*Asks:* 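Sharing a structure below in structure tokens format, with a few things to ask.
Everything numeric here is computed off the predicted structure, so don't read it as measured data.
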Amino acid sequence: MNRTRYFQLMEDLDGNTSIRQYLRLDYLLQLLKSRTYYVRRKRYFEDKRESTLPLKSLFRLRPVGDTANSSVDDDSIRNSLRKYSFYKASGDYLTSCWTERVGESALMWKNFVEDKGACIKTTINNFVASFRDDNYEILCGRISYNGYNAEQTIMEALFSKDRAFSEEKEIRFYFAPRDRKVDISDNHASIRVDPNVLIDEIILSPYIEPLERERLEHELNSNYKIKVSSSKIELNI
């Protein structure tokens, strides 16, 4: 059962959809200990395109010399500039990125965690239900990998990426504070959670040395009511 009353799920998604997040091991241990989930502002993502729309999404570009006498009307320019400004401002949105990829992915391990990392599994509903307060309005949607274009609405742009990222199969959450008293730092917000609701399973990274993985698996299994296992991927490291 979702705890928050301010959760909106895009129509093409089911709340029971299984999702995963790859994260650093130190962050996971901090989450379990402090019972706090950190959500970053989008402008701090490594991909700087997250806060800047490409030119092709603002104007209908024509080849040089094609319909040379045609012009772009003022309303179209104003709408494009508003769209650009709105999207740039979305860099301050609190954003959490997950994947709906089934099974482990060597690509995700390599791209999203360092040597000591973990993958946590949950569902969309359980992620939201784990929050211990109602301080945020939450919007969840599936990322489209058809790129950007001038016909898109700003909402469509917020859930779009270029085809090159399609392997991520991303499910994205946007958080909007409902109260000005919510404590948000320059780059992230801290949300109180119940880890036992938030996490269905923890998978330890294949990049962790076998003996270290075995020790961590035993420690986590002893201290938390969460299934813990080691990655089944074998890597030459």
*Asks:* Pair Leu9, Val128 - check side-chain contact (heavy atoms from CB on, under 4.5 Å), show working.
*Replies:* CA-CA 11 Å; Leu9 189 65; Val128 177; over 6 Å; no
*Asks:* Among all residues two or more places apart in sequence or in another chain, which pass the side chain to side chain contact (heavy atoms under 4.5 Å, CB included) test with Ser18?
*Replies:* none
*Asks:* Tell me whether Leu220 is reachable from Val197 by hopping between hydrophobic residues (I, L, V, M, F, W, Y) whose side-chain heavy atoms are closer than 4.5 Å.
*Replies:* no
*Asks:* Which pair of non-hydrogen atoms, one from Gln152 and one from Ser160, has the smallest distance, and what is that distance?
*Replies:* NE2-OG, 2.9 Å
*Asks:* What's the spacing between Ile120 CD1 and Ile226 CD1 if we round to 0.5 Å?
*Replies:* 9.0 Å
*Asks:* Evaluate the side-chain proximity of Ser96 to Phe127: yes if any heavy-atom separation is below 4.5 Å, no if none is.
*Replies:* yes
*Asks:* Could you tell me which residues satisfy side chain to side chain contact (heavy atoms under 4.5 Å, CB included) with Tyr145, sequence neighbours excluded, listed by chain and number?
*Replies:* Ile143, Lys161, Phe165, Ser166, Glu168, Glu170
*Asks:* Considering non-hydrogen atoms only, spot the tightest contact between Ile154 and Phe86 and give its length.
*Replies:* CG1-CD2, 3.1 Å
*Asks:* Looking at side-chain heavy atoms only, is the closest gap between Tyr38 and Leu31 below 4.5 Å?
*Replies:* no
*Asks:* Minimum heavy-atom separation for Ala106 to Ile233, with atom names?
*Replies:* N-CD1, 3.6 Å
*Asks:* Do Tyr224 and Leu25 share a hydrophobic cluster (ILVMFWY, side-chain heavy atoms under 4.5 Å, transitive)?
*Replies:* yes
*Asks:* With side chains defined as the heavy atoms from C-beta onward, is the minimum distance between Leu198 and Phe131 less than 4.5 Å?
*Replies:* no
*Asks:* Do the non-hydrogen side-chain atoms of Thr17 and Trp98 ever get within less than 4.5 Å of each other?
*Replies:* no
*Asks:* Supply the atom-to-atom distance Ile19 CD1 to Asn125 CG, rounded to the nearest 0.5 angstrom.
*Replies:* 9.5 Å
*Asks:* Given the rule in the side-chain contact (heavy atoms from CB on, under 4.5 Å) test, do Leu94 and His188 qualify, once you have shown the distances and angles that lead to the verdict?
*Replies:* CA-CA 7 Å; Leu94 296 166; His188 74 273; 5.5 Å; no
*Asks:* I'd like to know whether Leu158 forms a side-chain contact (heavy atoms from CB on, under 4.5 Å) with Tyr93, so could you lay out the CA-CA distance, the side-chain angles of the two residues, the decisive distance to 0.1 Å, and finally the verdict.
*Replies:* CA-CA 10 Å; Leu158 287 173; Tyr93 288 5; 4.1 Å; yes
*Asks:* Once side chain to side chain contact (heavy atoms under 4.5 Å, CB included) is applied, do any residues pair with Arg142, and if so which ones, sequence neighbours excluded?
*Replies:* Asp12, Leu13, Glu100, Ile171
*Asks:* Are the side chains of Tyr87 and Tyr148 in touch, meaning some heavy atoms are under 4.5 Å apart?
*Replies:* yes
*Asks:* Will you find, in the side chains of Glu156 and Ser144, an N or O donor that is under 3.5 Å from an N or O acceptor?
*Replies:* no
*Asks:* Heavy atoms, side chains only, cut-off 4.5 Å: are Ile124 and Phe7 in contact?
*Replies:* yes
*Asks:* So does Lys83 have more than 12 non-hydrogen atoms from other groups sitting under 6.0 Å from NZ?
*Replies:* yes
*Asks:* Minimum heavy-atom separation for Ser205 to Arg213, with atom names?
*Replies:* O-CD, 3.0 Å
*Asks:* With a 4.0 Å cut-off on N to O distance, would you call Asp200 and Lys227 a salt bridge?
*Replies:* no
*Asks:* Assigning hydrophobic clusters by single linkage (Ile, Leu, Val, Met, Phe, Trp, Tyr; side-chain heavy-atom cutoff under 4.5 Å), is Leu23 placed with Phe175?
*Replies:* yes
*Asks:* For Leu216 versus Leu204, what's the shortest heavy-atom pair and its separation?
*Replies:* CB-CD1, 3.8 Å
*Asks:* Check the surroundings of atom CD in Glu212: do more than 12 heavy atoms from other residues, nucleotides or ligands lie under 6.0 Å from it?
*Replies:* yes
*Asks:* Are Tyr44 and Val113 connected in a single hydrophobic cluster, I mean Ile/Leu/Val/Met/Phe/Trp/Tyr linked by side-chain heavy atoms less than 4.5 Å apart?
*Replies:* no
*Asks:* How about Asp26 and Lys116: do any of their side-chain heavy atoms sit closer than 4.5 Å?
*Replies:* no
*Asks:* How long is the straight-line distance from OG of Ser222 back to CD of Glu217, given to the nearest 0.5 Å?
*Replies:* 10.0 Å
*Asks:* Quick check for you: to the nearest 0.5 Å, what is the distance between Lys225 atom NZ and Asn196 atom CG?
*Replies:* 7.0 Å
*Asks:* Quick check: closest heavy atoms across Phe45 and Cys97, and the distance to 0.1 Å?
*Replies:* CE2-SG, 3.6 Å
*Asks:* Would you say the side-chain atoms of Asn149 pair up with the backbone N or O of Glu151, donor to acceptor, closer than 3.5 Å?
*Replies:* yes
*Asks:* How far does CZ of Arg40 sit from CG of Asn187, to the nearest 0.5 angstrom?
*Replies:* 8.0 Å
*Asks:* With a 4.5 Å cut-off on side-chain heavy-atom distances among I, L, V, M, F, W and Y, is there a chain of contacts connecting Leu107 to Tyr22?
*Replies:* no
*Asks:* Do Lys42 side-chain atoms and Glu50 backbone N/O form a donor-acceptor pair below 3.5 Å?
*Replies:* yes
*Asks:* Roughly how far, to the nearest 0.5 Å, is the NZ atom of Lys110 from the OH atom of Tyr207?
*Replies:* 6.0 Å
*Asks:* Stepwise, does the side-chain contact (heavy atoms from CB on, under 4.5 Å) test hold for Glu137 with Gln8?
*Replies:* CA-CA 8 Å; Glu137 294 181 359; Gln8 181 177 349; over 6 Å; no
*Asks:* Does Ser130 offer a backbone N or O that forms a donor-acceptor pair with the side chain of Arg132 under 3.5 Å?
*Replies:* yes
*Asks:* Looking at Arg172 and Thr95, would you say the former's side chain and the latter's main chain have a donor-acceptor pair under 3.5 Å?
*Replies:* no
*Asks:* Within the 4.5 Å heavy-atom criterion, are Arg163 and Asn146 side-chain neighbours or not?
*Replies:* yes
*Asks:* Is the CE atom of Met155 crowded by more than 12 outside heavy atoms at less than 6.0 Å?
*Replies:* no
*Asks:* When you look at Glu104 and Arg20, which way does the salt bridge (Lys or Arg N to Asp or Glu O under 4.0 Å) test go after all the steps?
*Replies:* CA-CA 9 Å; Glu104 291 185 71; Arg20 301 179 180 219; 6.0 Å; no
